[in-house]
A.B. asks: 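Have a look at the structure that comes next, please.
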2 protein chains.
Amino acid sequence: MSFAEENYLKVLYQLSYERVDRKDAGTSELALILKVKPASVNDMLKKLKEKKYVDNKKYGKISLTKKGKEVAINVLRKHRLWETFLYEKLDFNWAEVHDVAEQLEHIQSKKLVKKLDKFLSFPRFDPHGDPIPNEKGEIVKTNRVLLSSIKKGDFFRVVGVKDLSSDFLQYIDDLKIRINSEIILEDIQEFDKTRLLYFNENKVRISKEVSDCIFVLPL
Amino acid sequence: MSFAEENYLKVLYQLSYERVDRKDAGTSELALILKVKPASVNDMLKKLKEKKYVDNKKYGKISLTKKGKEVAINVLRKHRLWETFLYEKLDFNWAEVHDVAEQLEHIQSKKLVKKLDKFLSFPRFDPHGDPIPNEKGEIVKTNRVLLSSIKKGDFFRVVGVKDLSSDFLQYIDDLKIRINSEIILEDIQEFDKTRLLYFNENKVRISKEVSDCIFVLPL
DNA sequence: TAATAAAGTTAGGCTTACCTAAAACATAAA
DNA sequence: TTTATGTTTTAGGTAAGCCTAACTTTATTA
Ligand SMILES: [Mn+2]
Ligand SMILES: [Mn+2]
Ligand SMILES: [Mn+2]
Ligand SMILES: [Mn+2]
């Protein structure tokens, strides 16, 4: 299993199973995320199909086979364990861990993953609030929702982020919005849909766009 | 800098500067170690030469430029830091760490190396007794010698191994020969050059071959 | 329904890092 | 000094993973 193959399977899994509006991806969506051209995606899909990792008909959407899903979940498990390691043990901040984990997720060693998991005390969520699949590939399900769906006056806890870009993470970190922050939605401006948040004795106004990238758990 | 390029430079460095009988390598020696064919080595050398990492004339031995040496030392630093991490923090044994470190050594992140170094409290030797270059690329020099050069009756401490194969390491580990073991060379058999070692209230006989793969410091 | 736009596919090419087979060169032995 | 042996280089070729350009199919809109 090459780095490239692992990346394709991982992204396919995330698109099919982890985004808010779950749906199978097509060639060009995949190309966009992997920063390659649709023609390249097509080449790779041909190979993944032959190897029985994906299963799609011509001109149809791409779906993972059981085998492909297993590989994808394992890569995701490694990615998120490494992020947790970098964050918890090496004192990286949550905006820095993703890029390095993109490399570390491809290290092949079952023993390493097992030992790392133990070293980190079997974490269930990564620094961005995403669930870490366990050794069997099982993933905890939460009923998190987007901050943008919260009603005025409601109380909630931040449990994750949808956008993992360094820019976004640094931005909301500067606003002191963190995993486990407990917040009251004081007001929603009708004009521009900005939200006024109240937490830690402070008021912070965030845009609609930001509220669409933060997962919360109503309390 | 690709994985392959890094591996070539690392091995070149080890051959030119770290083996007991220091000398620059040739095409086929490099091929043997990298498990590729001499023709492939030639292809790569052509590229490394163009990029000014190595410097050799046609049909001559291969030597690293300053630039090539720097890259090699950095890869070696990462390799040995990761081995130390696996050994000290993840409870791998010394026969297991090398293969995983072969992968980890290629992770590109200056911050990661820096943080890892700190996390490990700036180790100066890896689990096999090899020196870890510091951030500036400086390497501590020791006056270690091979166990095979020790005279009968002498007292010494084990400080390293020449062979990093899992088989060899597991073998001497079973004999309870470890880094920092303090040993007296009780006898050398004239017939087959085997050595009788005395340490920890025990006597162990080792072959000439084994004595040629263990670095020691006379006490 | 027909025209247009978007998405997916195919053909042909490129680079990296390998390979085999054969030729050129260097070194050691006869 | 000639011959044999081993080493290095060259020539030509492959597979992976990407590319552009052209073409086909599907989806959207007039
Ligand atoms: Mn990530
Ligand atoms: Mn990746
Ligand atoms: Mn090693
Ligand atoms: Mn390597």
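Lettering of chains follows the sequences in order, A, B, ..., and the numbering in each one begins at 1.
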A.B. asks: For A:Leu45 and C:dG8, give me the distance from atom CG to atom P, rounded to whole Å.
C.D. replies: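 These atoms are roughly 10 Å apart.
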A.B. asks: Provide the full list of ring pair (Phe, Tyr, Trp, His ring centres under 6.0 Å) pairs with a residue in residues 17-43 of chain A, sequence neighbours left out, each pair given once.
C.D. replies: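 Non-adjacent pairs meeting ring pair (Phe, Tyr, Trp, His ring centres under 6.0 Å): A:Tyr13-A:Tyr17.
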A.B. asks: Are a donor atom and an acceptor atom from the side chains of A:Ser165 and A:Asp163 found within less than 3.5 Å of each other?
C.D. replies: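 Side-chain D/A pair, A:Ser165 to A:Asp163: present.
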A.B. asks: Which atoms of nucleotides 21-25 of chain C (N or O only) lie under 3.5 Å from a protein N or O atom, and what are those distances?
C.D. replies:
none

A.B. asks: Without hydrogens or angle criteria, can the side chains of A:Asp126 and A:Thr84 be said to hold a donor-acceptor pair below 3.5 Å?
C.D. replies: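 No donor-acceptor contact under 3.5 Å links the two side chains.
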A.B. asks: Measure the distance from NZ on A:Lys57 to P on D:dT25 and round it to the nearest whole Å.
C.D. replies: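 Going from A:Lys57 (NZ) to D:dT25 (P), I get 18 Å.
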A.B. asks: Phosphate oxygens OP1/OP2 of C:dT10: is one of them under 4.0 Å from a side-chain N or O of A:Lys58?
C.D. replies: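 A:Lys58 to C:dT10 OP1/OP2: side-chain N or O found under 4.0 Å.
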A.B. asks: Write out all pairs satisfying side chain to side chain donor-acceptor pair (under 3.5 Å) with one or both partners inside residues 52-61 of chain B, taking only residues at least two apart or from two chains.
C.D. replies: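 Qualifying pairs, neighbours excluded: none.
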A.B. asks: Out of D:dT9, D:dC18, C:dT9, which has the shortest distance to the side chain of B:Asn42?
C.D. replies: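 Output: D:dT9.
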A.B. asks: Over how many whole Å does the gap from A:Lys49 atom NZ to C:dG8 atom P extend?
C.D. replies: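 Rounding to the nearest Å, NZ of A:Lys49 and P of C:dG8 are 13 Å apart.
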A.B. asks: Excluding sequence neighbours, so at least two apart, what forms ring-ring contact (aromatic ring centres under 6.0 Å, His included) with A:Phe85?
C.D. replies: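 So A:Phe85 forms a ring-ring contact (aromatic ring centres under 6.0 Å, His included) with A:Trp82, B:Phe85.
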A.B. asks: Distance check needed: C:dT15 C1' versus A:Lys37 NZ, whole Å only.
C.D. replies: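 Roughly 17 Å, once rounded to whole Å.
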A.B. asks: What are the residues of residues 14-34 of chain B, sorted by number, that bring a heavy atom to within less than 4.0 Å of DNA chain C?
C.D. replies: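 Those residues: none at all.
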A.B. asks: Check salt bridge (charged side-chain N to carboxylate O under 4.0 Å, His left out) between B:Arg144 and all other residues, then give those that pass, not counting sequence neighbours.
C.D. replies: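 If we apply the salt bridge (charged side-chain N to carboxylate O under 4.0 Å, His left out) test to B:Arg144, skipping adjacent residues, the hits are B:Asp130.
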A.B. asks: Tell me the interatomic distance from B:Lys51, atom NZ, to C:dT15, atom P, rounded to whole angstroms.
C.D. replies: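 Rounded to the whole Å, the gap is 13 Å.
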A.B. asks: Under 3.5 Å, sequence neighbours excluded: what are the donor-acceptor pairs made by side chains of residues 27-43 of chain B?
C.D. replies:
from, atom 1, to, atom 2, distance (Å)
B:Glu29, OE1, B:Arg19, NH2, 3.3
B:Glu29, OE2, B:Arg19, NH1, 2.4

A.B. asks: With B:Lys208, which residues qualify under salt bridge (charged side-chain N to carboxylate O under 4.0 Å, His left out), at least two apart?
C.D. replies: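 With sequence neighbours excluded, B:Lys208 shows a salt bridge (charged side-chain N to carboxylate O under 4.0 Å, His left out) to B:Asp212, given in chain and number order.
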A.B. asks: Base, sugar-phosphate alone, or nothing: which one does A:Tyr8 contact when heavy atoms must sit under 4.0 Å apart?
C.D. replies: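 A:Tyr8: backbone/sugar contact only, no base atoms under 4.0 Å.
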A.B. asks: Between C1' on C:dT15 and CE on B:Met44, what's the gap in Å once rounded to a whole number?
C.D. replies: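 Answer to the nearest Å: 12 Å.
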A.B. asks: Quick one: salt bridge (charged side-chain N to carboxylate O under 4.0 Å, His left out) partners of A:Lys193, sequence neighbours excluded?
C.D. replies: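 Here the qualifying residues are A:Glu190.
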A.B. asks: Figure out the CE/P separation between A:Met1 and D:dA16, and round it to whole Å.
C.D. replies: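 Those two atoms, CE and P, are 12 Å apart.
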A.B. asks: Quick one: A:Asn7 CG to D:dA16 P, roughly how many Å, whole number?
C.D. replies: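 In whole Å, D:dA16 P lies 17 Å from A:Asn7 CG.
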A.B. asks: Would you kindly compare B:Ser40 and A:Lys46 by the position of their nearest DNA chain C nucleotide and give the one closer to the 5′ end?
C.D. replies: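 On the 5' side of the pair lies A:Lys46.
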